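A short write-up of the structure that comes next.
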Amino acid sequence: MNEIVQGFIEAIELILSLDPDVIEITVRSLYVSLSATFFASLVALPLGAYIYFNEFRGKRAVINLLQTLYALPTVIVGLAVFLMLSRSGPFGFLGMLFTPQGMIVAQTILIIPLITGLTVSALSGIDREMRYTIISLGSSQLQSIITILREARFAILAAVLLGFGRAIAEVGTVMLIGGNIRGFTRVLTTAIALNTSMGNFSFSIALGIILLGVALVVNVVLNLVQER
Amino acid sequence: MNEIVQGFIEAIELILSLDPDVIEITVRSLYVSLSATFFASLVALPLGAYIYFNEFRGKRAVINLLQTLYALPTVIVGLAVFLMLSRSGPFGFLGMLFTPQGMIVAQTILIIPLITGLTVSALSGIDREMRYTIISLGSSQLQSIITILREARFAILAAVLLGFGRAIAEVGTVMLIGGNIRGFTRVLTTAIALNTSMGNFSFSIALGIILLGVALVVNVVLNLVQER
Amino acid sequence: MIEAQNITKIYGEMEVLHGVDLSVGEGDIMGIIGPSGSGKSTFLRILDLIEPPDSGDLSLFDVNVVKERDRVVEVRRRMGMLFQKPIVFNTSVYENVALGLKYRHVGKNEIDRSVKELLEEVGLARYLHSNARNLSGGEQQRVSLARVLVTDPEILFLDEPTANLDPKSSKTIERLVTRMNRDRGMTVVMNTHDMLQGQRVAQRIGVMIGGDILQVGSPREIFYAPESTKIANFVGVDNIHDGKVLRREHQITAVEVAGTILYVGESPPEQSDRVKVIFRGEDVTLGIGKTAQTSARNILNGTIAEISDIAPFVHIKVDCGFPVSALVTVRSAEEMDLSEGKPAWVSIKASALHLIAESEESEG
Amino acid sequence: MIEAQNITKIYGEMEVLHGVDLSVGEGDIMGIIGPSGSGKSTFLRILDLIEPPDSGDLSLFDVNVVKERDRVVEVRRRMGMLFQKPIVFNTSVYENVALGLKYRHVGKNEIDRSVKELLEEVGLARYLHSNARNLSGGEQQRVSLARVLVTDPEILFLDEPTANLDPKSSKTIERLVTRMNRDRGMTVVMNTHDMLQGQRVAQRIGVMIGGDILQVGSPREIFYAPESTKIANFVGVDNIHDGKVLRREHQITAVEVAGTILYVGESPPEQSDRVKVIFRGEDVTLGIGKTAQTSARNILNGTIAEISDIAPFVHIKVDCGFPVSALVTVRSAEEMDLSEGKPAWVSIKASALHLIAESEESEG
Amino acid sequence: TGTETPDGQAIPNETATETAAPPSGGAVLRIATTTSLYDTGLLDMIEDTYEAETGVDLLISSQGTGKAIELATRCDVDILLVHSPSQEQAFMDAGYGVNHRCIAYNFFQIVGPEADPAGIAGMDPVEGFRVLYEKGTAGEPGVLFVSRGDNSGTHSKEKTLWDMAGYDYETEVQGSGEWYIEAGKGMGETLVLASEKDAYTLTDEGTFLAFQTDLVLTPIIDQGDALLNRYSIIAVNPEQCPSVNIEEANNFIDWIISDEGKGLIGSFGVEDYGKALFTPLYPPECTASPFNCTCAESVSKA
Ligand SMILES: Nc1ncnc2c1ncn2[C@@H]1O[C@H](COP(=O)(O)OP(=O)(O)OP(=O)(O)O)[C@@H](O)[C@H]1O
Ligand SMILES: Nc1ncnc2c1ncn2[C@@H]1O[C@H](COP(=O)(O)OP(=O)(O)OP(=O)(O)O)[C@@H](O)[C@H]1O
Ligand SMILES: [Mg+2]
Ligand SMILES: [Mg+2]
């Protein structure tokens, strides 16, 4: 209880004092998770719209699979990517393990199914006639996708924000792939995990509050962008 | 690489041999996360529909807040609940720390904003006229909510599945609240974390595969239920 | 039953309704007609308590719903509305129609009976178990209507109830609605752009133009004696001419139109001598050759200026010093072997002519 | 231009189209009418390549689109369709209308010009920057139409284009479409439940009933000489009577109906003597007192059995041994001071009577 | 003198039953321990044995040392099992704990790449740290050190070593250059990181053995008193925390310091690694330097 109040106070202090360490990991968190959200959206939104637009055998199965991958534990993604990127793994030569780039890759993989699945379900509520109208206006496959994504932009933005939220809040992959190296790959969540394991609960909570603050800012900004 | 293949083999062996320890933690994972999903849905679905149905000051802000909470780190939820349930916290007398019940509470809190926010965005695509129709048919507040949830059932199910996926895949709160106690609060994700920290990578991956398998089953079953 | 006073509605910066008054008595069928975008649907939504007005007073069943907001659900359950855009739920037709009854906690057996009965009436009995989303446009509209009617509302609002229906299905619906009005005293307010439907079904019609109800009256009054040229124009009066009142004798007013004197069977408006003389094309009798003996008081000679087909009628413009439009059936046009330039006479009964004070028309 | 052969469509277990044939030439305006649920919209969707048929052949612009699936987008861009349910996108009216042009990579300036021009034409210029979702039903329908027309399609499919519009707006739309047809040779296929619209706009009309196109012909043929009682019924022919062919002389066939001999100005069907004699109520001239001298060959005396108002006409049933329905204008009904039981005569030109072989009617 | 296991591993059975409480039905005992200890698997074995013998349900949770101590401070557990003498001392001094008993020890190891680019093999650990520091700060290629950086027992030991080598940890070691990598996570992951980076690190023996097959690291320095790793058990003070099940806590402590408990500890690991991971402490060895602790006095009789 006390620690929560204490955490709020510390959070305010950290923000006001512009603690350079905290600023550094906050910026890194943002950089990594925004990048991952961007790349994942680039793949997931068109993919989701494609799945929505086209009737094909096994569509239902693909959707089920995507929804199953909602339950993909971050540690497992972290492990799999780790095994790929590790020195003895097939992509070891890239030297991406324990780098922010590696963390971006892992988070991107983590949230692609999420954003794709949510895109499909966001679009599922759209009238059949809307789809017909788009097609009959002579759209190409790509144009259809862009139009429908724009039409459902509120729900699509929600999907992207969820992806971002998941990325910036997750600790499993960034811990395994980034390694929580101070000054290099430490991000807010790994710092929170570290401080928790050290028993610095109020500091953890302070960092958590900062993380939520950052998410709120991203949220508001993206909402404003969406409304143009 | 090797470990991934090895993980698949081990997963199959574990499943075929009906390893009692694995069965135990799998069942516990399911019990905890399904319970949390159930309780969270009980709160979140009506709440989301309520937010959708009613125009009130600050509605936009509430939605922004919910979407911000998508970024709620599990460790922070874990910590906050931990501080509540700890002996020296306000609810310490309940003795729920290090129990499955405590884990359910924590996961419920974790996924309520998620399911609520997704419900709102799932409903956002619904025609204004649909809402008018429901109201004009003389529905009470509660009847409106039930009708609209049923109408958007595909997207609502997706929201619930996402909540479940998040719950069963997360490790932060169950580790903090449950304590990963063997035979009592150990679940799939904490077991994966433990085995990863013990260097048993392939066993971790095997457990991850089992987790996904369980999620797939839940997914298919809930989809069948939805379609009735 | 319905008392709306000075209702205004503003969307964004646009005032869509400018203080609309309307009162509808119990058991009435009130039609509302008006151009697209004039505010008909908005007005109906306000009456059905879907949207609140921005100002004005509204009482339904003697309940002042603006003040007593807590009685809204109660009042709403005594009413029903069919929206312009037919909305069906993604379930079976049966479930769709049963919805309103379920909201009212009606027993299962009664729901079953009522739903099946109404689906029979609207001709959809065989789609009982189909998903309503898969129905055709007209079928969906009928599902929506059945869903409202099954709740047996005391007041029924219909927004373009037959927009998607062919004439035969429309007739069925019209008959159903008039029967429920007659048998159960159901009050009906209906937006329609089908003028004939308005005339067939409604006892009184309100004309809404640009956010105002400009005239309320019997179909006869609206179509044959519109109060302004705006209304006359909208209800399809073909002949609108400037005139000057000359004198008034024995219930008959003599009006000069472009040098010709027309006898009008009503008194001139008080305000001024300048009037508009209006009459409908179907009230004009057209003839060739020697003038026939009819009871019409105005017989004018002229030449046919223009013939246009607006099936199933032929629209003939005759130049009699001023243009007179006449509507004749295709058959009689053929019989008379009309052609442009041919001389013809027109005859219009004095009682078919109607006068509007010109001053009203400043807006135009 | 459009060659559809033996098109069938099955939804679930229901065959909605049973082998429909239709061919439409370049520059034609083809109307399709038919009862609600008969498959009109489904057929149009198939023609516009929105849904594939389950069997049958379809060629558009001489491209066999069933075989050459890869040319579908190309062909689709030369066509446009207005759907029955008007769909607008959640953006400005301008963006809505510009969409099709953007898909075709038309330049910004040209888009701007075309969009503004068309919005002007459909009377929505002042809503340029409004969100299309906030428009009224009729306005949304016009946005949808403008969105299609702006792409200047070679073939235009319209599914109930004026369902939500008042008569004035409908006229505007009809004029716009016929002008584009005339000026640019645009081929038009239009579903409509507005029979008058069908007659006004279409050069040829197809009647779809229960998933089949039963007759294709000029409006005149469809409305005055339907090929079956099913069609006659649907197009509102009021008088359908059993008759027996007695003899045929000088281009005139004598048919006995309920003991009375009617002279029909066409040859009887080949197959049998048993026929249906049909004629429209508006072709019946009604009179009181002494029989007038007209060129109609059939004059029957009877008594008025029933008077019903189906505004703006009065529907009068006269018992002449068999019931004859006549439509007269309200004014002339008043003039004649009709009342039930009063004697009256009816007169029908031989050329207004039409014969249908009875055998065709077994299903009906 | 480091790694060899002391004698006296006989397992006298008598003492085991002596302290065992009568099967106490639903009794539960909450134990907080550190991950590196838990991950060896020792406690699972102890739990199985103890539960079978006494029927007491052991609820063992593992976490970072700091958090384990915090749990004890907050009265959420009954017993603390850790290996960080300085933090243990602080805990006892603050009055949170009673009945501190040391139970076993082993040695930390300095592990690193086989090539040993700093050339510290065979050195005294403190000397080795000094060389690492010099070469590391001088930017000698290949000389990297990965620190746990998480205030764990192992990290405490590392800080002590820097201190002994004459460097102030916070001002001179932390942030002294790219050679000093602060990982901030568990032992296993730190080892993996060191292995991927070809760096040196300080590790406990158990975790190193568990991860060895996945690593390219070898022990460079594994001898010297400075690397001593002492494991202790502490009961939570019932005066601070009335909810503590002090009776069962004492029973457990008595059991674990009994010959049976120590026997189990002393034999653990032979099966998997071919050698024992822990050396149980017996008096009088434990009371002398460098251990300086109590290891045999029964607590329930105190
Ligand atoms: N929710 C809304 N937000 C903003 N403007 C609206 C909204 N609803 C209606 N309007 C505007 O109000 C005006 C009246 O709309 P309304 O739907 O009442 O017209 P209507 O008379 O029913 O027309 P139609 O015959 O085409 O259905 C229109 O100009 C429309 O653009
Ligand atoms: N996607 C679909 N799935 C199942 N049945 C359908 C589907 N679309 C149409 N139908 C059925 O096919 C039949 C024909 O529908 P269609 O929409 O073509 O009728 P329509 O002639 O356009 O009717 P309306 O005049 O009412 O619009 C209807 O009975 C309808 O229920
Ligand atoms: Mg409207
Ligand atoms: Mg249709």
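By convention in this document, chain letters (A, B, ...) are assigned in the order of the sequence lines, proteins followed by strands, and residues within each chain are numbered from 1. In this text the structure is predicted, and so the values were computed from the model without any measurement.
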TODO: Using non-hydrogen atoms and a 4.5 Å limit, figure out which bit of C:Ser41 sits close to chain D: side chain, backbone, both or neither.
DONE: neither

TODO: Tell me, for C:Arg142 versus chain D, whether the close heavy atoms (under 4.5 Å) come from the side chain, the backbone, both or neither.
DONE: side chain

Open item on the list: Do D:Ile209 and D:Pro35 make a side-chain contact, defined as non-hydrogen atoms from C-beta onward lying under 4.5 Å apart?
Closed with: yes

Task: Interface residue of largest heavy-atom contact number with chain C, from D:Val235, D:Asn134, D:Thr192, D:Asn233, under 4.5 Å - done: D:Asn233

Task: Contact leader toward chain C among D:Gly12, D:Ala163, D:Gly39, where contacts are heavy-atom pairs under 4.5 Å - done: D:Ala163

Task: Matching residue for D:Glu160 among D:His193, D:Gln197, D:Lys85, D:Lys40 - test: side chain to side chain donor-acceptor pair (under 3.5 Å) - done: D:His193

- [ ] Working to the nearest 0.5 Å, report the span between CD1 of D:Ile46 and NZ of D:Lys9.
- [x] 5.5 Å

TODO: Look at atom CD of C:Glu120 and say whether more than 12 heavy atoms of other residues, nucleotides or ligands are closer to it than 6.0 Å.
DONE: no

Task: Residue D:Ser136 versus chain C: region with a heavy atom under 4.5 Å - done: side chain

- [ ] Please determine which of C:Leu145, C:Leu82, C:Val201 meets the side-chain contact (heavy atoms from CB on, under 4.5 Å) test together with C:Ile173.
- [x] C:Leu145

